[in-house]
Engineer: 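Take a look at this one; I'll ask things after.
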Amino acid sequence: MVANQAATLDVLSVGRFSPGIGAGWSAEEFAALGVPFAGRGRRTDEYLTAMRILWGEDPASFIGEFSRFDAIRAAPKPLHGARLPVLIGGNSNIALRRAATLAEGWYGFNVPVTDIPERITALVSRDPVHAT
């Protein structure tokens with residue numbers, strides 16, 4: 001559903017839509033939905049991969065740990081195709097790894113100005129997960 005909504009917004013905005021995605025930080029929100037808080041990063045990575053397949057293939061098939069679909073058609077397709085520019089939110093090194101490997105940009109929030117150089121260094125590091 002989210003893939004379809006993002007594609008629709010991209011078409012309606014004539015290619016100017018960039019969805020922002022984050023793994024989440026509130027265990028209470030996950031509990032309210034009956035979804036385990038643990039594994040939210042893997043779930044986020046997989047959902048983004050599945051959305052890219054829906055945006056780029058027709059028909060689309062995917063088998064993952066959290067979702068699966070076989071030979072379905074999703075329309076509309078984003079004007080950018082499977083590379084709809086996605087921004088990853090979050091300040092952890094894991095979020096930076098996700099931004100560097102799966103997305104087109106990063107959105108840090110509540111990052112003190114003095115911490116920005118270190119966050120950018122981690123973002124461009126070959127291994128943002130273990131950056132200092």
Engineer: Are L84 and V2 in one and the same hydrophobic cluster, where Ile, Leu, Val, Met, Phe, Trp and Tyr link if side-chain heavy atoms are under 4.5 Å apart?
Structural biologist: yes

Engineer: Got a donor-acceptor contact below 3.5 angstrom from the N91 side chain to the F109 backbone?
Structural biologist: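 Yes: the side chain of N91 pairs with the backbone of F109.
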
Engineer: With sequence neighbours excluded, tell me which residues meet ring pair (Phe, Tyr, Trp, His ring centres under 6.0 Å) with F17.
Structural biologist: none

Engineer: Taking the side chain as every heavy atom from C-beta outward, state whether F62 and E46 have any pair of such atoms under 4.5 Å apart.
Structural biologist: yes

Engineer: Taking transitive links into account, so neighbours of neighbours count too, which hydrophobic residues share a cluster with Y47 at under 4.5 Å side-chain distance?
Structural biologist: F66

Engineer: Rounded to the nearest 0.5 Å, how far does CZ of R43 lie from CZ of R40?
Structural biologist: 11.5 Å

Engineer: Considering only heavy atoms from C-beta outward, does the side chain of V86 approach that of S18 to under 4.5 Å?
Structural biologist: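 When only atoms from C-beta onward are counted, S18 and V86 do not touch, as no gap falls below 4.5 Å.
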
Engineer: Are I21 and T44 packed together at the side-chain level, in the sense that at least one heavy-atom pair is separated by less than 4.5 angstrom?
Structural biologist: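 Side chain of I21 against side chain of T44, heavy atoms only: contact under 4.5 Å found.
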
Engineer: Any idea which heavy atoms bring A82 and G56 closest together, and the distance?
Structural biologist: CB-CA, 3.8 Å

Engineer: Could you pull out all residues at least two apart from R52 that satisfy salt bridge (charged side-chain N to carboxylate O under 4.0 Å, His left out)?
Structural biologist: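 Partners of R52 under the salt bridge (charged side-chain N to carboxylate O under 4.0 Å, His left out) test: E104.
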
Engineer: Is a side-chain donor or acceptor of W106 paired with a backbone partner of G90 at a separation under 3.5 angstrom?
Structural biologist: yes

Engineer: Once you round to the nearest 0.5 Å, how far does CG of L96 lie from CD1 of I120?
Structural biologist: 10.0 Å

Engineer: Show the nearest heavy-atom pair for residues W25 and F37, with the distance to one decimal.
Structural biologist: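 Looks like O-CZ, 3.6 Å.
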
Engineer: Hey, is D45 close enough to R97 for a salt bridge, meaning N to O under 4.0 Å?
Structural biologist: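 Answer for the salt bridge query: yes.
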
Engineer: May I ask whether L102 and W55 are part of the same hydrophobic cluster, defined by side-chain heavy atoms of I, L, V, M, F, W, Y residues being less than 4.5 angstrom apart, directly or through others?
Structural biologist: yes

Engineer: Considering non-hydrogen atoms only, spot the tightest contact between G105 and A99 and give its length.
Structural biologist: O-CB, 3.7 Å

Engineer: Could you report the tightest heavy-atom contact between A7 and P76, atom names first, then the distance?
Structural biologist: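 Closest approach of A7 to P76, heavy atoms only: CB-O, 3.2 Å.
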
Engineer: Give every residue pair that meets the salt bridge (Lys or Arg N to Asp or Glu O under 4.0 Å) criterion with at least one member in residues 10-37, sequence neighbours excluded.
Structural biologist: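 Listed by first then second residue: nothing to list.
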
Engineer: Does G15 offer a backbone N or O that forms a donor-acceptor pair with the side chain of H80 under 3.5 Å?
Structural biologist: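 Yes, H80 side chain to G15 backbone: donor-acceptor pair under 3.5 Å.
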
Engineer: Between atom CG of D70 and atom CD1 of I63, what is the distance when rounded to the nearest 0.5 Å?
Structural biologist: 7.0 Å

Engineer: Measuring from atom OG1 of T8 to atom CG of N4, what distance do you get when rounded to the nearest 0.5 angstrom?
Structural biologist: 4.5 Å

Engineer: Please round to the nearest 0.5 Å and tell me the distance separating atom CG of L9 and atom CD of Q5.
Structural biologist: 7.5 Å

Engineer: The criterion is salt bridge (charged side-chain N to carboxylate O under 4.0 Å, His left out); which residues satisfy it with R73, sequence neighbours excluded?
Structural biologist: D58

Engineer: Ignoring hydrogens and angles, tell me if any N or O in the side chain of K77 forms a donor-acceptor pair with the backbone of V11 under 3.5 Å.
Structural biologist: no

Engineer: When rounded to the nearest 0.5 angstrom, what is the spacing between CD1 in I72 and CD1 in I53?
Structural biologist: 10.5 Å

Engineer: Can you name the residues that form a salt bridge (charged side-chain N to carboxylate O under 4.0 Å, His left out) with E65, not counting sequence neighbours?
Structural biologist: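 Here the qualifying residues are R42.
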
Engineer: Is a donor from one side chain sitting under 3.5 angstrom from an acceptor on the other, for R98 and N93?
Structural biologist: no

Engineer: State whether the number of non-hydrogen atoms from other residues, nucleotides or ligands found under 6.0 Å of Y107 atom OH is greater than 12.
Structural biologist: no

Engineer: Please name the pair of heavy atoms, one in P85 and one in P19, separated by the smallest distance, quoted to 0.1 Å.
Structural biologist: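 Closest pair (atom of P85, atom of P19, distance): O-CD, 3.4 Å.
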
